[in-house]
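So the structure is just underneath, and the comments pick up after that.
By convention in this document, chain letters (A, B, ...) are assigned in the order of the sequence lines, proteins followed by strands, and residues within each chain are numbered from 1.
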Protein chains: 2
Amino acid sequence: MQTIAPELAELAGLIADPGRAGILSRLMDGRAQTASELALVAGVTPQTASWHLARLAERALLKVERRGPRRFYRLATPLVAQMLEGMMTVAAIDPRPSRPPPRIGAEMRRARTCYDHLAGELGVAVTDAMRRHDHLNLDQEGGELTASGRAFLGDLGIDLHAPARSRRVLCRPCLDWSEQRLHLAGRAGAAIANLALQRDWIRRRPQGRSVEITAAGLVAFRDLFGARI
Amino acid sequence: MQTIAPELAELAGLIADPGRAGILSRLMDGRAQTASELALVAGVTPQTASWHLARLAERALLKVERRGPRRFYRLATPLVAQMLEGMMTVAAIDPRPSRPPPRIGAEMRRARTCYDHLAGELGVAVTDAMRRHDHLNLDQEGGELTASGRAFLGDLGIDLHAPARSRRVLCRPCLDWSEQRLHLAGRAGAAIANLALQRDWIRRRPQGRSVEITAAGLVAFRDLFGARI
DNA sequence: TGAACATTTCGATCATGATCGAAGCGTTAC
DNA sequence: GTAACGCTTCGATCATGATCGAAATGTTCA
């Protein structure tokens, strides 16, 4: 009985190094980063990072893009991001009493992007607000926008019509590893995050995946969405 | 900026050993197995398997249950199973041309259980049939039973009312790693698999997660479900 | 063409952890 | 009690792979 276990072990081995895990974690925001930047994140020298990146790219967990003398790396597919999401969810739960709970930076816990949508306290608050206002039904099973939800997002200028050949899903629950709560993912979640970036409600911090909520953003999330944040 | 990367790496390290990956893969059917059985699966001596099992249980990926002199191990939570699902999906895709595609046993590919629901060709065929008959809508986003689907399963004797305190989801898509197609998971998927076992449409093989489709099962899946199998 | 810079390749070193034999522990049955 | 059995712990060995210095490659720009 051949199983997929050897491939599973090999894949896990690629994530099992702290440097590579840091690189993958850093790339979870969906953006591309240079090899040098990722070396810093991983806390290793450029030549070591290069070795790690080569292994990840060889296994097609990462895609590489050359721009001049630099090489930009990004997650190869959303499937990889989704896998990492699932692993982080389990990684965040460690019931060993001896173990201190993972120390997550306050900024990271407050607001970050998870591949392409909002996560952290902000992501959960926006999701909760949309549920309270009957814009959204969401549980572990899946999610759907209500008529009022579609109207709400439409009023904000979000076009929810999928590109013709995109099979991307509209609503999907994503288990937030820092909050241990569901937040909204899928095309709708990505559209909200994009809007927030465009309108300068949130700004990406140069380092890492966390985002800063601007003063205007605080007002917008509270008044427009009714988020308790 | 503290991230969850160290915990992620540690978690991945637990899965990164072929023996442990085999053990976890074997336990993906949700049942409990003895340490000796798992040593066989992992292809190591009992004392080595014991060491692996202790590490997995310590990190709460497995739960252990003593029955007399034996110890039965099972996956600790459905969250662990879901994480492994996601990893197997990625593990099954390895675009390196040098690499032969993972050799999955014919029995495994034909029919198996994935934690608690049907997978493999059988799982996909049943799911496809339910979609063709308008019993089910399913995409990556989520899924729902139609009125006719509820009636159909009700006629088969499946009670879909959730236990009061269960927050288990009704329909969920699960990406089949051997077929690269969606199949039905969640409470509905589990109910169908249970029914099939009860009515002797499928039988668990003593070794491994694959199941045998009985002659009666072939008739039932074709005539009752309309599955092309 | 040559200089500056980002990145990779090579080679040697070093640490981690997987393995199994032997022995110990715990439970059950007689 | 004691024998049988399943499983775990201990100890020593061995293999894999992470690391960095040094050097090479490749790209851009002048």
Would you mind building the protein contact string for nucleotides 21-30 of chain C? One character per nucleotide, 5' to 3', B for base within reach (heavy atoms under 4.0 Å), S for sugar-phosphate only, - for untouched.
BB----SS--
Once you round it to whole Å, what is the distance between P of dA6(C) and CD of Glu65(A)?
18 Å
Arg26(B) and Glu37(B): CA distance, side-chain angles, deciding distance, side-chain contact (heavy atoms from CB on, under 4.5 Å) verdict:
CA-CA 10 Å; Arg26(B) 176 70 182 81; Glu37(B) 159 77 13; 3.6 Å; yes
Pair Glu65(A) + Arg74(A), salt bridge at N-O below 4.0 Å
yes
Leu53(A) atom CG is separated from dA18(D) atom C1', nearest whole Å, by 14 Å
From CZ of Arg55(A) across to C1' of dT19(D) the rounded distance in Å is 13 Å
Integer-rounded Å distance: dA24(D) C1' and Trp51(A) CH2:
20 Å
Phe72(A) CZ to dT8(C) P: how many Å, rounded?
12 Å
Most 5' of Gly13(A) and Ala54(B) on DNA chain D, judged by nearest nucleotide:
Ala54(B)
Over 60° means perpendicular and under 30° means parallel, so tell me whether His183(B) and His117(B) are parallel, tilted or perpendicular.
tilted
Any side-chain N or O of Tyr73(A) below 4.0 angstrom from OP1/OP2 of dA6(C)?
no
Which residue lies toward the 5' end of DNA chain D, Thr48(B) or His52(A), if each is placed at its nearest nucleotide?
Thr48(B)
Taking the basic N atoms (NZ, or NE/NH1/NH2) and the acidic carboxylate oxygens, is any pair closer than 4.0 Å for Arg205(B) and Glu107(B)?
yes
Knowing that exactly one of Arg109(B), Arg112(B), Glu121(B) qualifies, which makes a side-chain hydrogen bond (donor to acceptor under 3.5 Å, both in side chains) with Ser178(B)?
Arg112(B)
Thinking salt bridges, do Arg204(B) and Glu212(B) make one under a 4.0 Å N-O criterion?
no
Phosphate OP1/OP2 of dG26(D): any Arg70(A) side-chain N/O under 4.0 Å
no
Taking CG from Asp17(B) and P from dA15(D), how many angstroms apart are they, rounded to a whole number?
16 Å
